[in-house]
Amino acid sequence: MMKKNRYKSLMGVVLLLATVLLSSCSNMVVLDSKGPIGSEEAFLIKIAFILMLIVVLPVFVMVIWFSVRYRASNKKATYKPNWAHSHKIELVVWLVPIAIVAALSYLTWVKTHELDPYKPIASDVKPVRVEVISTDWNWLFIYPDYNIAVVNHLVFSANTPVNFRLTSASVMTSFFIPQLGSQIYVMAGMRTKLHLQADHEGTYLGQNIEYSGTGYATMHFDAVATSKEEFEDWVEKAKQSPDVLNMATYEKFAQPNTDYPVTTYSSVAPKLFDHVMMQFMGWMGGTDHAMKMTDDMDDTHHMNGMQDSTQMQEEHGQMIMQSDSGHVHTKTMEDK
């Protein structure tokens with residue numbers, strides 16, 4: 001009867017420990033994955049956890065069992081003060097850890113190549129390209145295919161691969177959307193890549209998990225996965241924004257500040273991402289290249305302004321033309 005009671009007590013302790021461990025996992029967003037990359041990484045975490053429990057659980061059980069069975073008051077327990085060796089115990093002590101390490105090594109080798117963040121996600125759907133620039137202490141997301149940008153707010157289609165190019169305008173940060181997977185570092189003068197996908201519509205937490213100074217605690221953003229139609233509507237609304245991300249606007253935004261409001265820009269300075277990256281690459285002539293890119297941006301804006309002006313003048317029935325001698329000639333519709 002006493003043995004049964006001790007057995008029940010022992011099992012109760014084991015179940016209590018298991019309940020505590022499993023319940024603590026329910027609040028871990030990393031395990032509540034919403035994309036193919038995150039699901040695979042959550043699977044690896046769970047498998048590693050289970051494999052390590054093969055060693056941990058028996059230890060907890062034996063600690064309780066030995067303390068009960070070999071207590072000083074138990075006169076029936078076998079007493080062997082000169083015991084020194086057991087082939088069975090040696091077999092377990094060596095083979096079990098070797099098997100666990102072998103299994104973890106195999107999984108690590110295979111999944112490291114399968115989940116390479118630089119490896120595109122196979123899909124029949126055209127991916128959404130996003131250029132990410134981290135500043136002190138905010139995130140700037142540029143959509144080069146749509147010529148729009150947004151601060152501290154990432155929007156993309158669910159069930160669509162998202163191809164990121166990332167760089168930093170300041171210190172090193174770490175880009176991470178836990179429920180989608182694959183944290184990656186973002187560094188000044190360097191470009192890293194990341195490929196993610198959300199299998200479900202929803203809003204997910206995005207954050208910087210690399211301590212980067214005063215505003216580190218608030219350097220987070222919403223990653224919103226929408227339907228394809230909702231994403232297209234968002235893009236059209238973004239193109240109607242009165243704000244424009246030119247070089248002057250970017251320089252103001254890049255100044256150290258916290259809690260920068262979500263701002264959408266209807267157009268972006270050409271090659272802004274490359275300009276931010278190259279300005280830190282003076283050791284390989286990057287400074288000269290960045291200056292040239294800045295000139296190209298200014299020239300492009302100037303040309304766009306000239307084209308807009310020409311279009312407006314044509315609509316009013318006249319066009320201003322400049323001859324080789326520098327004289328300005330106004331050409332009307334009648335002259336045509």
Answer whether the closest heavy-atom distance between the side chains of [X] and [Y] falls below 4.5 Å.
{"X": "N163", "Y": "K193", "value": "no"}
{"X": "L44", "Y": "L115", "value": "yes"}
{"X": "N152", "Y": "W139", "value": "yes"}
{"X": "H220", "Y": "L205", "value": "yes"}
{"X": "V224", "Y": "H153", "value": "yes"}
{"X": "T226", "Y": "V155", "value": "yes"}
{"X": "K239", "Y": "E236", "value": "yes"}

Check the hydrophobic clustering (I, L, V, M, F, W, Y; side-chain heavy atoms under 4.5 Å; chains of links allowed) and say if [X] and [Y] are grouped together.
{"X": "M247", "Y": "V276", "value": "yes"}
{"X": "I54", "Y": "F60", "value": "no"}
{"X": "F43", "Y": "I100", "value": "yes"}
{"X": "V30", "Y": "Y204", "value": "no"}
{"X": "L180", "Y": "I121", "value": "yes"}

Nearest 0.5 Å please: distance from the [atom1] atom of [X] over to the [atom2] atom of [Y].
{"X": "T203", "Y": "Q179", "atom1": "OG1", "atom2": "CD", "value": "10.0 Å"}
{"X": "S73", "Y": "K75", "atom1": "OG", "atom2": "NZ", "value": "7.5 Å"}
{"X": "L57", "Y": "M62", "atom1": "CG", "atom2": "CE", "value": "10.5 Å"}
{"X": "H113", "Y": "T108", "atom1": "NE2", "atom2": "OG1", "value": "11.5 Å"}
{"X": "L140", "Y": "F273", "atom1": "CG", "atom2": "CZ", "value": "10.5 Å"}
{"X": "I142", "Y": "N147", "atom1": "CD1", "atom2": "CG", "value": "9.5 Å"}

Heavy-atom pair with the smallest gap, counting every atom of [X] and [Y]:
{"X": "G181", "Y": "E41", "answer": "CA-OE1, 3.2 Å"}
{"X": "I148", "Y": "A238", "answer": "CD1-CB, 3.8 Å"}
{"X": "S227", "Y": "S157", "answer": "O-OG, 4.2 Å"}
{"X": "I177", "Y": "A223", "answer": "CD1-CB, 3.9 Å"}
{"X": "S168", "Y": "F280", "answer": "O-CE1, 3.7 Å"}
{"X": "S182", "Y": "I37", "answer": "OG-CG2, 3.2 Å"}

Check: Do other residues, nucleotides or ligands put more than 12 heavy atoms under 6.0 Å from the CH2 atom of W109?
Finding: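 Open: at most 12 neighbouring heavy atoms sit under 6.0 Å from CH2 of W109.
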Note to self: How about OH on Y106, more than 12 heavy atoms from neighbouring residues, nucleotides or ligands closer than 6.0 Å, or not?
What the structure shows: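 Check fails, neighbour count at 12 or below.
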Checklist line | side-chain contact (heavy atoms from CB on, under 4.5 Å) between L107 and I47, intermediate numbers included | finding: CA-CA 9 Å; L107 285 173; I47 289 297; 3.3 Å; yes
Next item on the list: May I ask you to list the residues sharing a hydrophobic cluster with M190, side-chain cutoff 4.5 Å, ordered by chain and number?
Entry: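 Reading the cluster by chain and number, M190 sits alongside M172, Y185, M187.
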Check: Can you list the other members of the hydrophobic cluster that holds Y216, where links are side-chain heavy atoms under 4.5 angstrom apart?
Finding: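 Same cluster as Y216: Y211.
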Item checked: From T167, N208, T173, residue fulfilling side chain to side chain donor-acceptor pair (under 3.5 Å) relative to S134 ->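 Of the listed residues T167, N208, T173, the side chain to side chain donor-acceptor pair (under 3.5 Å) partner of S134 is T173.
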[X] side chain to [Y] main-chain N or O, any donor-acceptor pair under 3.5 Å?
{"X": "W137", "Y": "S212", "value": "yes"}
{"X": "H195", "Y": "P117", "value": "yes"}
{"X": "D243", "Y": "S241", "value": "no"}
{"X": "S33", "Y": "G35", "value": "no"}

Next item on the list: Give every residue pair that meets the salt bridge (charged side-chain N to carboxylate O under 4.0 Å, His left out) criterion with at least one member in residues 129-140, sequence neighbours excluded.
Entry: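 Salt bridge (charged side-chain N to carboxylate O under 4.0 Å, His left out) check on residues 129-140 returns R129-D145, E131-R165.
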Item checked: Worked check of side-chain contact (heavy atoms from CB on, under 4.5 Å) between V186 and V132 -> CA-CA 9 Å; V186 184; V132 183; 5.7 Å; no
Next item on the list: Would you check, one step at a time, whether the test side-chain contact (heavy atoms from CB on, under 4.5 Å) holds for L166 with L194?
Entry: CA-CA 8 Å; L166 308 99; L194 180 63; 4.0 Å; yes
Margin query: Can you tell me which residue among Y265, W234, F156 is in a ring pair (Phe, Tyr, Trp, His ring centres under 6.0 Å) with Y143?
Written below: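 Result: among Y265, W234, F156, W234 is the only option passing the ring pair (Phe, Tyr, Trp, His ring centres under 6.0 Å) with Y143.
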Note to self: Checking ring pair (Phe, Tyr, Trp, His ring centres under 6.0 Å) between F164 and each of F176, F175, Y118, which is the one that passes?
What the structure shows: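 That would be F175; it is the only one of F176, F175, Y118 passing the ring pair (Phe, Tyr, Trp, His ring centres under 6.0 Å) with F164.
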Margin query: Which label fits Y250 and F253: parallel for a plane angle under 30°, tilted from 30 to 60°, or perpendicular past 60°?
Written below: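 Y250 and F253: tilted rings.
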Checklist line | side chain to side chain contact (heavy atoms under 4.5 Å, CB included), paired with F141, selected from V151, V150, I133, T264 | finding: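 Of the listed residues V151, V150, I133, T264, the side chain to side chain contact (heavy atoms under 4.5 Å, CB included) partner of F141 is V150.
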Checklist line | Trace of the side-chain contact (heavy atoms from CB on, under 4.5 Å) decision for V262 with D222 | finding: CA-CA 10 Å; V262 174; D222 286 336; over 6 Å; no
